[in-house]
Amino acid sequence: MNHVFCHKINIDQLKAIEIEHPLFSATLLLQGAQLIEFTPSHSTHNLLWLSDTVEYKQGKPLRGGIPICWPWFGNLDKNPEAIQNQISDSQNKITASAHGFVRSLPWQVLSISESCHQVEIVLALTSSEESKKLWPFEFNLEARFVLSTTLEVELTTTNTGHKTFAISQALHTYLPTADITKTYIHNAHNTFYIDALSHWKETKQAGRIGFSEETDRLYFFKTNQNSQPQNAKPQYELRVESPMQQQILKSTYSQSAVIWNPWIEKSKQLSQFKADDYQHMLCIETANVMSDHKVLAPNQKQSLKLELSQLS
Ligand SMILES: O=P(O)(O)OC[C@H]1O[C@@H](O)[C@H](O)[C@@H](O)[C@@H]1O
């Protein structure tokens, strides 16, 4: 690799691209196409939360940054039947790992382009005989990272086979906070959500989202049919207010978001997570889940995009 800002490095067992640019610094792991650090030069800290106890091991999902959940989100058995039924072998269904399988596979570097304004990196993953044992379809995935003073991540799925398939997916963004009890997510007022911790009950959000207990919710943002042109891309924008910073997270080609904080008890069970880490992180996951899952016919493409910026 012969670039000015991008350098290939190894972190323990994993390959990564480290980027030192006048406008930002960043670290992108090839395993899982997982961005684990993005620090704009005007910021004092990484805009992504990364566990202090993270383990850089081959084949092991890492806690922090932006893991990619694909071709199913969460536990397979909580997905719509169209997704569950694609895996016929019952043993495979039982052992199917949470959040799919691409977050722990090595991706290839497809392209890197650098300028004084930004760096664009595209990583790719293609179906193989191994992947077909886990999920019997042919696909191509591209994760495009555009890094500048703000961050853009776009995941594009192409169905390269002859069979239609269904996916749920998420860009599982971990954000840092100085104090979770003083952290709020705005712009979700009146939005319906499914509470995964309360028998998957549907509830309506009133006001801002705050955190005072374990939180695991799937929010569904409706595009207003009357005010949007017919071909408008589905999107929503959330503002995170915390003592440390204000961040804007904009999601495109998505009408669902997963909001997660494990709180006290669940924190004790998580890998690469200290007992009090829940106080300093939250996840807002740009998603296509449940009724927002996607069906792709042969040759069809589907994108999922997030943009992250810091306001203050
Ligand atoms: O520990 P994992 O597999 O990375 O998952 C972490 C969390 O990810 C969230 O997206 C889920 O909603 C939670 O239920 C889950 O616990």
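Order of listing sets the numbers, starting from 1, for every ligand and every atom in it.
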* Backbone N or O of F38 within a donor-acceptor pair of the N46 side chain at under 3.5 Å? -> yes
* Proximity flag R103 to ligand 1, non-hydrogen atoms under 4.0 Å -> yes
* To do: Go through the steps to decide whether H186 and Q246 satisfy the test side-chain contact (heavy atoms from CB on, under 4.5 Å), and finish with yes or no.
  => CA-CA 11 Å; H186 299 269; Q246 288 213 60; 5.9 Å; no
* To do: Please indicate whether Q108 has more than 12 foreign heavy atoms, meaning atoms of other residues, nucleotides or ligands, lying under 6.0 Å from its CD.
  => no
* Asked: Do other residues, nucleotides or ligands put more than 12 heavy atoms under 6.0 Å from H42 NE2?
  -> yes
* Structure fact -> Closest to atom 13 (C) of ligand 1 among protein heavy atoms sits D216 OD2, 3.3 Å
* Asked: For ligand 1, which atoms, with element, lie under 4.0 Å from some heavy atom of F73?
  -> 10 (O), 12 (O)
* Of the listed options (E285, K266, H99), which comes nearest to atom 16 (O) of ligand 1 when hydrogens are ignored and any heavy atom counts? -> K266
* Asked: Is it true that E241 and K182 make a salt bridge, defined as a side-chain N closer than 4.0 Å to a carboxylate O?
  -> no
* How about H3 and F5: are their ring centroids closer than 6.0 Å? -> no
* Please write down residue, atom name and distance for the protein heavy atom closest to atom 2 (P) of ligand 1. => R63 NH1, 3.6 Å
* Asked: Which of the atoms in ligand 1, numbered in the order shown and given with their element, are less than 4.0 Å from a heavy-atom of V258?
  -> 12 (O)
* To do: Around atom 6 (C) of ligand 1, find the nearest protein heavy atom and jot down its residue, atom name and distance.
  => W260 CH2, 3.5 Å
